[in-house]
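Remember, it's 1-based here, ligands and their atoms both numbered in the order they're listed.
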Amino acid sequence: MSATDAVTDALGELHRRFAGVREGRPADYIPRLAQADPDAFGLALVSMDGHRYSTGDADVAFSLQSVSKPFVYALALSLLGLDEVGRWVNAEPSGEAFNAISLEPRTGRPANAMVNAGAIVTTALIPGIPGASAFDRILGCLGRFAGRDLDVDEEVYASEATSGDRNRALAYLIRSAGPLPFDPVAAVETYFRQCAVRATAVDLATMAATLAHGGVNPVTGEAVVTPAVAAQVLAVMATCGMYNSSGDWLLRVGLPAKSGVSGGLIAAGPARFGLAAYSPPLDSTGTSVRGHAALVELSLRFGLHLMNNPALPGSTVTLATTADDLPTAPAGRRERALRERVGVVAAQGALDFTAAERVLFALDDSGPERTGSVVLDLREVTGIDSVALAMLHAGLARLASDGRRAAVVDPDGRLGPPGLTRERTGQDLPRFASREEAVERCAHALAEDD
Ligand code: GLU
């Protein structure tokens with residue numbers, strides 16, 4: 001994108017504001033990571049339409065480290081399902097550091113898939129298949145999330161392989177504490193390689209955006225995981241993704257997120273965007289200091305907190321009245337009297353559960369007489385999800401059983417094919433291209449009934 005658009009400007013401003021922060025130090029328990037440039041700082045955002053925005057060092061590749069964990073968890077959930085994965089890895093925030101010995105006392109099950117213990121088990125659950133090792137499948141999956149083939153930073157891998165005794169110890173401990181039959185050596189090797197996969201902040205933002213977009217990569221259009229799996233992963237990121245600062249992060253920033261010790265940090269705004277930051281100096285919880293600061297500020301400035309969704313009254317139902325009040329109503333007394341018995345409800349935008357409730361409430365409220373008719377105008381509706389569609393069908397069926405006739409202005413066929421709507425609503429549900437035609441027909445039918 002050009003440097004003059006509003007999103008790039010906002011990222012650029014955050015970059016300028018936090019680039020001078022000097023707190024934190026790059027991780028050094030993996031020696032190669034200590035050589036990272038402490039000044040490197042990149043920010044990226046990918047929208048649900050696949051628009052990519054970035055600033056600073058957003059094209060510098062670095063190892064994913066723990067940012068890989070949610071995506072491998074997604075792969076495990078896709079291959080095995082939540083129940084099977086949940087047998088071996090719980091989904092409880094541990095409140096502990098990333099490398100804690102966080103195993104359930106009775107079962108030996110790791111607390112969640114975001115801490116190392118749970119991530120090693122998650123990796124161990126990925127089965128190899130003929131022609132593709134477990135790692136091949138992980139690398140392929142990470143690449144589909146990023147929208148391009150990724151590779152391994154062999155130096156980082158070698159560095160962790162020579163220094164990763166704590167993770168090896170964890171793997172042996174897990175095997176000794178629980179019933180999971182796995183090879184600790186192979187699992188940890190695969191886990192180290194997955195942590196050493198290289199990607200840029202733009203890649204990471206695309207990966208986060210894929211989770212936010214119901215599992216469909218918004219840049220490539222590929223369905224990487226199902227919407228259900230994407231939601232499950234985001235839920236675990238929200239409660240466990242920031243280790244022992246997960247609660248504080250959800251409180252202040254309000255977005256599912258995952259940090260990694262190389263300085264990568266992702267956050268996802270469900271159905272809105274994927275965000276990523278890269279800056280190696282870390283705070284005491286293993287989170288990028290500048291990345292943390294930039295995302296806190298971004299969330300505050302743009303009101304991105306998940307729990308902060310002020311209802312917008314009137315944004316779904318744009319009209320709830322009776323047809324005699326329409327500007328098109330003729331002057332004649334008899335016509336006006338008939339039109340008083342025709343309710344008119346117009347809706348706009350994308351209809352989900354919340355919006356459908358508003359439409360149904362307006363429909364119930366719209367007719368002064370239970371014997372009247374109602375016109376539902378859907379011309380400004382841009383989409384109806386399956387839950388809202390079922391609710392609308394049920395609502396129209398209830399109207400029919402109350403003896404109220406309905407007509408819809410639905411030139412785009414949003415309510416589904418006529419056969420289906422007849423079956424679901426118990427009425428013929430005539431469709432019209434204009435509101436006036438629908439009103440006239442209802443008024444006419446009422447006149448015939450009288
Ligand atoms: N490879 C790192 C480890 O297991 C990942 C930890 C992290 O990024 O938080 O220690």
Side-chain angles (χ1 to χ4, degrees), residues 24-36 61-73 89 93-103 110-124 135 138-139 142 150 152-174 184-199 201 203-204 207-208 236-237 240-246 249 256-267 276-289 291-292:
R25 283 198 6 240
D28 56 9
Y29 74 98
I30 299 172
R32 185 69 184 80
L33 296 185
Q35 295 170 25
F62 56 95
S63 59
L64 291 174
Q65 299 303 330
S66 283
V67 176
S68 64
K69 293 172 181 173
F71 303 100
V72 178
Y73 186 53
V89 192
S94 66
E96 292 179 310
F98 69 96
N99 58 3
I101 302 170
S102 195
L103 306 178
N112 63 69
M114 301 297 115
V115 291
N116 287 5
I120 292 167
V121 169
T122 308
T123 299
F135 181 70
I138 288 171
L139 186 63
L142 294 171
L150 301 177
V152 173
D153 184 327
E154 294 294 344
E155 284 183 41
V156 171
Y157 163 73
S159 183
E160 186 161 19
T162 52
S163 60
D165 286 344
R166 189 178 172 95
N167 283 325
R168 290 200 180 86
L170 259 180
Y172 278 103
L173 207 61
I174 294 162
V185 175
V188 171
E189 287 314 300
T190 307
Y191 168 74
F192 287 158
R193 286 195 82 73
Q194 126 195 356
C195 288
V197 170
R198 217 175 354 204
D203 293 326
L204 258 51
M207 297 169 84
V236 174
M237 285 167 66
C240 311
M242 300 296 281
Y243 305 128
N244 41 334
S245 66
S246 295
W249 174 272
K258 186 73 206 81
S259 59
V261 290
S262 51
L265 174 60
I266 58 169
Y278 169 57
S279 170
L282 308 179
D283 64 19
S284 58
T285 66
T287 302
S288 165
V289 174
H292 184 283

query = Is a side-chain donor or acceptor of Ser288 paired with a backbone partner of Ser279 at a separation under 3.5 angstrom?
reply = yes

Going by the 4.0 angstrom heavy-atom rule, the piece of Ser66 near ligand 1 is both

If we number the atoms of ligand 1 from 1 as shown, the ones under 4.0 Å from a heavy atom of Tyr243 are 7 (C), 9 (O)

With heavy atoms and a 4.0 Å threshold, my read on which part of Tyr191 contacts ligand 1 is side chain

With heavy atoms and a 4.0 Å threshold, my read on which part of Val261 contacts ligand 1 is both

The atoms of ligand 1 lying under 4.0 Å from a heavy atom of Gly260, numbered in the order shown, are 8 (O)

The residue among Arg198, Gln194, Glu189 that forms side chain to side chain donor-acceptor pair (under 3.5 Å) with Tyr157 is Glu189

With heavy atoms and a 4.0 Å threshold, my read on which part of Arg166 contacts ligand 1 is neither

Quiz item: Just by distance, do the side chain of Ser159 and the backbone of Glu155 share a donor-acceptor pair under 3.5 Å?
Solution: no

the protein heavy atom lying closest to atom 1 (N) of ligand 1 turns out to be Gln65 OE1, 2.6 Å

Notebook entry, point to check: When the aromatic ring centroids of Phe98 and Tyr29 are compared, is their separation below 6.0 Å?
Noted result: yes

Ligand 1 to Asn116, heavy atom cutoff 4.0 Å, flagged ligand atoms 3 (C), 4 (O), 6 (C), 10 (O)

Near Tyr29 (heavy-atom distance under 4.0 Å), the atoms of ligand 1 are 2 (C), 3 (C), 5 (C), 6 (C), 10 (O)

Honestly, for Asn99 the part within reach of ligand 1 (heavy atoms, under 4.0 Å) is neither

Atoms of ligand 1 under 4.0 Å from any heavy atom of Cys195, numbered from 1 in the order shown, are 1 (N)

In ligand 1, the atoms that come under 4.0 Å of a heavy atom of Glu160 are 1 (N), 2 (C), 3 (C), 4 (O), 10 (O)

Residue set satisfying side-chain contact (heavy atoms from CB on, under 4.5 Å) with Ala111, at least two apart, ordered chain then number -> Ser94, Ser102

Per-atom filter on ligand 1: closer than 4.0 angstrom to a heavy atom of Asn167 are 3 (C), 4 (O), 10 (O)

The single option from Val115, Asn116, Leu265 that satisfies side-chain contact (heavy atoms from CB on, under 4.5 Å) with Ser66 is Asn116

Quiz prompt | Arg193 side chain vs Phe135 backbone, donor-acceptor pair below 3.5 Å | solution = no

To the nearest 0.5 Å, atom CG of Leu64 lies from atom SG of Cys195 at 8.5 Å

Heavy-atom nearest pair, Val156 first then Ala196, reads CG1-CB, 4.2 Å

